[in-house]
There are 2 protein chains.
Amino acid sequence: MPAPATEERDRLDRAALLDTAEALFYAHGIQAVGMDRVREASGLPLKRIYRLFATKEDLVVAVLRRRDRRWRESLAAHVERVAGPRERVLAVFDWLAAWCAEPGFRGCAWINAHGELGAASEAVLTEVRAHKRAFHDQLSGWVRATGLPLTEPVYLLAEGAIVTAGITGDPSAAGHARKAVEALLRGAAD
Amino acid sequence: MPAPATEERDRLDRAALLDTAEALFYAHGIQAVGMDRVREASGLPLKRIYRLFATKEDLVVAVLRRRDRRWRESLAAHVERVAGPRERVLAVFDWLAAWCAEPGFRGCAWINAHGELGAASEAVLTEVRAHKRAFHDQLSGWVRATGLPLTEPVYLLAEGAIVTAGITGDPSAAGHARKAVEALLRGAAD
DNA sequence: TAAGGTAGAGAACGACCGTTCTCAACGTCA
DNA sequence: TGACGTTGAGAACGGTCGTTCTCTACCTTA
């Protein structure tokens, strides 16, 4: 049965390609990484790459989409391991702090992609907005569980921490955001 | 006296060039705008452009630096027209809301530049960090005048509002941030 | 008026981009 | 075994980039 074997190989190669491309795009920027560099790093022939993704833009979108799924799943897994609505909201910022402190952290991949291609690529812009909306809605669920109308402030503090950590390289922004959220939870609770 | 006349013309051309380049870079992205497009839009010969700025990177840095000065001067002029420390902090967010609602608004020029060139250009990265630090310090002055230790939360809310408005295109983020700052001012005041 | 330095207009250059094409090697089925 | 469809390796293509060079025209100064 050659057809299933081919499909399986496609699936594996696609995953390996996404791994390679994601690492390169995140570390150096999307426009700075040519398809030849992706080919070299992945070990896949250019022809095969273009059979798996018709254009570079398609590859970029696929990278962002898979990263979105993984990123939010990882966040949710961390948060939902915690008991108590307020503790969960605070756990978001613990997870963000750990993420920002990872070696090789270079800011939010979607904010960076927006800066690079938001004006040039409709597909990338759509993907970035979809990620931000999904993160907003995810966060909104946890905040609403506290019974306090704090979705927007908490979301803006998270975004501020992410962008600030990305630019300054200092991961303490997430800690500051966490303290601010504590204050808001306290202040709105009276 | 031909020397002074030349210097004056250089000064004027430099200013016109910065105007043109800033508008193009902001609207379309830096990498998407070639030097030939800058030449065409400015009406200046390529030779003259390269005599005023040795490289494109120099031009980009000069654009960011002048924009930083203007941006923060405009903000300060608005804020310091207001009386009362807390009102001043809130006025920051009124100014941000107006800025985000301007036609052609496409997010924070420095965040965008960081996404495009932060990994590739040390000079651009330095300029972006300098702007963010300067804005942070400016804000810090106004917040400290309230006597409340709220610099970091207020700064993170501002950054979150700017980046969110830039990505979603919805300027209401600044209004949400303003409400959050009001709550923090109230909560920390007891 | 004659000579010389400077500036403008745009062609040219080398590098690199995303993408496609060539061509030889190979595995597969009649 | 022999023909064929598919693949891999990488050369090639058209385009664009940042930057430099050419060459003509002019303006200045003696």
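Rounding to whole angstrom units, CD of residue B:Glu40 and C1' of C:dG10 are separated by 13 Å. D:dT20 atom P lies 13 Å from atom CD1 of B:Ile49, rounded to whole Å. The nearest whole Å value for the distance from the CG atom in A:Asp36 to the C1' atom in C:dC16 is 10 Å. Whole-Å rounding puts the B:Leu52 CG to C:dG8 P distance at 10 Å. Atom OH in A:Tyr50 sits roughly 13 Å away from atom P in C:dC21 (whole-Å rounding).
The salt bridge (charged side-chain N to carboxylate O under 4.0 Å, His left out) test applied to A:Arg37 returns no partner, not counting sequence neighbours. Considering only residues two or more places apart in sequence or on other chains, B:Arg65 meets the salt bridge (charged side-chain N to carboxylate O under 4.0 Å, His left out) condition with B:Glu127. Under the rule for a salt bridge (charged side-chain N to carboxylate O under 4.0 Å, His left out), the partners of A:Arg48 that lie at least two apart in sequence or sit in another chain are A:Asp10, A:Asp13. B:Arg11 meets the salt bridge (charged side-chain N to carboxylate O under 4.0 Å, His left out) test with B:Glu8; sequence neighbours excluded. In this view, B:Ser121 and B:Glu57 satisfy the side-chain hydrogen bond (donor to acceptor under 3.5 Å, both in side chains) rule, not counting sequence neighbours. With sequence neighbours excluded, the residues forming a ring-ring contact (aromatic ring centres under 6.0 Å, His included) with B:His131 are B:Trp71, B:Trp110, listed by chain and number.
Judged as a side-chain hydrogen bond (donor to acceptor under 3.5 Å, both in side chains), the pairs with a partner in residues 132-141 of chain B (not counting sequence neighbours) are, in order, B:Lys132-B:Glu159, B:His136-B:Glu152, B:Ser140-B:Arg144. Applying the ring pair (Phe, Tyr, Trp, His ring centres under 6.0 Å) test to residues at least two apart or on different chains, none of the pairs has a partner in residues 30-60 of chain A. Pairs engaging residues 171-182 of chain A under the side-chain hydrogen bond (donor to acceptor under 3.5 Å, both in side chains) rule: A:Asp94-A:Arg178, A:Asp170-A:Ser172 [sequence neighbours left out].
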Nucleotides 7-13 of chain D: which of its N/O atoms have a protein N/O under 3.5 Å away?
{"residue": "D:dG8", "atom": "O6", "partner": "A:Lys47", "partner atom": "NZ", "Å": "2.8"}

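Taking every heavy atom of residues 28-35 of chain A and every atom of DNA chain C, pairs under 4.0 Å involve A:Val33, A:Gly34, A:Met35, by number.
Taking five base pairs at each end of the helix from C:dT1-D:dA30 to C:dA30-D:dT1, the local helix axes there meet at an angle of 20°, rounded to 10°.
Side-chain atoms of A:Leu44 and A:Thr20, non-hydrogen and from C-beta on, never get closer than 4.5 Å to each other.
Nearest heavy atoms, B:Ala161 versus B:Ala177: CB-CB, 3.9 Å.
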